[in-house]
Amino acid sequence: MKIKISSKTHVQPNKPILGKKQFQLTTFDLPYLAFYYNQKFLLYKFENLLDLEEPTFQNNVVEKLKDSLGSVLEDFYQLAGKLAKDEDGVFRVEYDADDEEINGVEFSVADAVDVSVDDLTAEEGTAQFKELVPYNGILNLEGLRRPLLAVQVTKLKDGLAMGLAFNHAVLDGTATWHFMSSWAEICRGAETISTQPFLDRAKARDTRVKLDLASPKDPNASSNGDAAAEPPQLVEKVFKFSDSAIHTIKSRANSVVPSDGSKPFSTFQSLTSHIWRHVTLARGLKPEDITVFTVFADCRRRIDPPMPEEYFGNMIQAIFTGTAAGLLAAHGPEFGAAVVQKAIVAHDARVIDARNEEWEKAPKIFQFKDAGVNCVAVGSSPRFKVYEVDFGWGKPETVRSGSNNRFNGMMYLYPGKAGGVSIDVEITLEARVMEKLEKSKEFLLIDEEEDGNKITNGNGHGHANGNGFA
């Protein structure tokens, strides 16, 4: 892929933000300093190809994006700032229009005019679009000297690729997509955004945590220090679950009425436990081996008092649970769903506060793969309205996560482009495990006696299927 960076600039808020603004990072933010920047990739196809010709593209697309970015940064000015820390090692995000070291958001424009939108949707892994997303392999701690948001807009043969890298120590997925929808809103012509961000992090947690953190260990380094150990080859796939597939999985999980009177399993609990069970089977674990399920859950409504949905920052906490591989294999889908449900229900305000207090006494900087043994971990959410991010040239063709923060068992959930309750699942696994998963008729909901619909695992290879997995 031939990509040429034609310009790199920095975007500040259009109107000056008066005074020095400082916001101490909270206990919800700090554990992610040793994660990588959170990357997002959005792909747009242009109906009118004249919009891709110069100077139209520069004037009507690039300058419009930059101007609307400057406008939305007036409200989300923390993203135009930088990380800083005081003499005690207490981290903060700060913005000061008079600070020459604060450059704003990095904004790059590139050309890949031989590449079409279809070229970038045909491949499974992130390697195909890795060069279209900035800050590959950059740790969030680098926000001490790098912008907290980097954007790369690449002109394609028939559309536009937008790659973004957000500092994950500053904001989570909910705040990320609030920002993206607000930016698109301004770009489409709105004078103001419809929902203001809630910027006061002290309302979420106001504990000073001192960190002695200069240069965290590379999360990709061997955990046992054995440089000769070869990590397993990992591959990425997108499995697209249609409306009917989701309904089938949910109905199967709820086919057995729980004896303890617990609520029916949700779509999330049914789908993620379905994946957890089948990944565990594909791994070929011993019956006594423990397998861990981890979900990075939004705590805005869980804490007491609750925080508003528009809270800008991290308000996520990892929920861990697990069981023996043999128990998952021996029972039906309701068993794994119940394990997931119990862990999520139990994670209330009291548990969240206790976890925070424990961490504040002995801070531990997470590495992105600290999710547990034989794990399946879940990030992002099908509730994020990613396909409504329309800058004025239509909804995206596809929305993906970048190559950062991927490890064996990590999956990201997005709503399906088809709408309804369809869900796209990006998952990273060992190659041998992925091969088994792709051949699992039970996982793919393939009924050999039915023909009709085709299912795909994202790379165009179809299977006959009457259950609507697509």
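On a predicted model such as this, the values are computed, not experimentally measured, just so you know.
For His347, there are no ring-ring contact (aromatic ring centres under 6.0 Å, His included) partners, not counting sequence neighbours. With sequence neighbours excluded, the residues that form a side chain to side chain contact (heavy atoms under 4.5 Å, CB included) with Lys20 are Gln22, Glu94, Asp96. Here Glu87 pairs with nothing under the side-chain hydrogen bond (donor to acceptor under 3.5 Å, both in side chains) rule; sequence neighbours left out. Partners of Glu185 under the side chain to side chain contact (heavy atoms under 4.5 Å, CB included) rule, at least two apart in sequence or in another chain, are Arg188, Ala190, Ile193, Ser194. By the side-chain hydrogen bond (donor to acceptor under 3.5 Å, both in side chains) test, Ser7 is found to be paired with no residue, residues two or more places apart in sequence or in another chain being considered. Under the side chain to side chain contact (heavy atoms under 4.5 Å, CB included) criterion, Thr26 pairs with Phe28, Asp29, Arg201, Arg205, Tyr311, sequence neighbours left out. For Lys15, the side chain to side chain contact (heavy atoms under 4.5 Å, CB included) partners are Glu74, not counting sequence neighbours. For Thr272, there are no side-chain hydrogen bond (donor to acceptor under 3.5 Å, both in side chains) partners, not counting sequence neighbours. Applying the salt bridge (charged side-chain N to carboxylate O under 4.0 Å, His left out) rule to Asp200 yields the partners Lys203; only residues at least two apart in sequence or on another chain are considered.
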Problem - Evaluation steps, side-chain contact (heavy atoms from CB on, under 4.5 Å), between Leu120 and Glu397 - result: CA-CA 10 Å; Leu120 297 172; Glu397 292 293 309; over 6 Å; no

Exercise for the section: Could you please spell out the steps behind the side-chain contact (heavy atoms from CB on, under 4.5 Å) verdict for Phe407 and Thr428? Expected result: CA-CA 6 Å; Phe407 57 91; Thr428 302; over 6 Å; no

Exercise for the section: Applying side-chain contact (heavy atoms from CB on, under 4.5 Å), run through Asn136 and Gln39 and close with a yes or a no. Expected result: CA-CA 8 Å; Asn136 292 293; Gln39 297 173 312; 3.0 Å; yes

Practice task
Determine, stepwise, if the pair Arg145 / Glu142 fulfils salt bridge (Lys or Arg N to Asp or Glu O under 4.0 Å).
Solution key: CA-CA 6 Å; Arg145 49 194 165 267; Glu142 287 284 310; 3.0 Å; yes

Exercise for the section: Please lay out, stage by stage, how Arg406 and Leu234 fare under the test side-chain contact (heavy atoms from CB on, under 4.5 Å). Expected result: CA-CA 9 Å; Arg406 291 182 182 272; Leu234 300 180; over 6 Å; no

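A 4.5 Å side-chain heavy-atom check between Leu83 and Leu25 finds at least one atom pair inside the cut-off. Taking the side chain as every heavy atom from C-beta outward, Asn38 and Tyr32 never approach each other to under 4.5 Å. Between Met411 and Ile275 the shortest side-chain heavy-atom distance falls below 4.5 Å. Residues Asn140 and Tyr36 fail the side-chain proximity criterion, which asks for heavy atoms closer than 4.5 Å. No side-chain heavy atom of Val399 sits less than 4.5 Å from a side-chain heavy atom of Lys40. Inter-residue side-chain proximity for Leu65 and Val151 is flagged as unmet; no heavy-atom pair is nearer than 4.5 Å. The side-chain heavy atoms of Asp118 and Lys45, taken from C-beta on, include a pair separated by under 4.5 Å.
Taking the six-membered ring where tryptophan is involved, the planes of Trp276 and Phe293 are tilted, since the angle between them lies from 30° to 60°. Ring-plane geometry between Phe443 and His274 is classed as parallel, the angle between the planes falling under 30 degrees on a 0 to 90 degree scale with a further cut at 60.
The two residues Ile303 and Met307 have their closest heavy-atom pair at CD1-CG, 3.3 Å. Contact detail for Pro415 and Val386: the closest heavy-atom pair is CG-CG2, 3.7 Å. Nearest heavy atom pair, residue Leu33 against residue Leu211, reads CD1-CD1, 3.9 Å. A pairwise comparison of heavy atoms in Val389 and Ala184 identifies CG1-CB, 4.0 Å as the closest pair. Shortest non-hydrogen contact noted between Pro13 and Leu73 is CG-O, 3.7 Å. Between Ala297 and Ile319, the shortest heavy-atom contact is CB-CD1, 3.6 Å.
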Side chains of residues 155-166: which donor-acceptor pairs under 3.5 Å do they make with residues two or more places apart or in other chains?
residue, atom, partner, partner atom, Å
Lys155, NZ, Leu52, O, 3.2
Lys155, NZ, Glu54, OE2, 3.1
Asp158, OD1, Val117, N, 2.9

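Sorted by first and then second residue, the side-chain hydrogen bond (donor to acceptor under 3.5 Å, both in side chains) pairs with a member in residues 56-66 read Thr9-Lys66, Gln58-Glu63; sequence neighbours excluded. Residue pairs satisfying the ring pair (Phe, Tyr, Trp, His ring centres under 6.0 Å) criterion with at least one member in residues 57-103, sequence neighbours excluded, are listed as follows: Phe76-His178, Phe76-Phe179, Phe76-Phe312.
To the nearest 0.5 angstrom, Ile102 atom CD1 is 9.0 Å from Leu148 atom CG. For the atom pair OG of Ser116 and CG of Leu43, the computed distance is 9.0 Å after rounding to the nearest 0.5 Å. Atom NZ of Lys85 and atom CG of Leu141 lie 7.0 Å apart (nearest 0.5 Å). Separating the CD atom in Glu53 from the CG atom in Asn48 is a distance of 8.5 Å, to the nearest 0.5 Å. We find the CG-CG distance between Leu149 and Leu69 to be 7.0 Å, quoted to the nearest 0.5 Å. Put simply, CZ on Arg383 and CG on Leu413 are 11.5 Å apart, with the number rounded to the nearest 0.5 Å.
The only member of Asn374, Thr291, Asn408, Asp289 that meets side-chain hydrogen bond (donor to acceptor under 3.5 Å, both in side chains) when paired with Arg283 is Asn408. With Tyr414 as the fixed residue, the side-chain hydrogen bond (donor to acceptor under 3.5 Å, both in side chains) test singles out one of Ser401, Ser381, Ser422: Ser401. None of Leu271, Ile427, Val295 except one satisfies the side chain to side chain contact (heavy atoms under 4.5 Å, CB included) rule with Val378; the exception is Val295. Tested against Lys237, the residues Glu438, Glu430, Glu426, Glu435 include a single salt bridge (charged side-chain N to carboxylate O under 4.0 Å, His left out) partner, Glu438.
Under 4.0 Å is where a charged nitrogen must lie from a carboxylate oxygen, and between Arg208 and Asp88 at least one such pair does.
In this structure a side-chain-to-backbone donor-acceptor pair under 3.5 Å is present from Trp359 to Lys364. Judged by distance alone, with hydrogens and angles left aside, the side-chain atoms of Asp298 form a donor-acceptor pair with the main-chain N or O of Arg300 at under 3.5 Å.
In this model, a donor atom of one side chain and an acceptor atom of the other lie less than 3.5 Å apart for Glu236 and Thr126. With no hydrogens or angles considered, a side-chain donor-acceptor pair links Tyr135 and Glu106 at under 3.5 Å.
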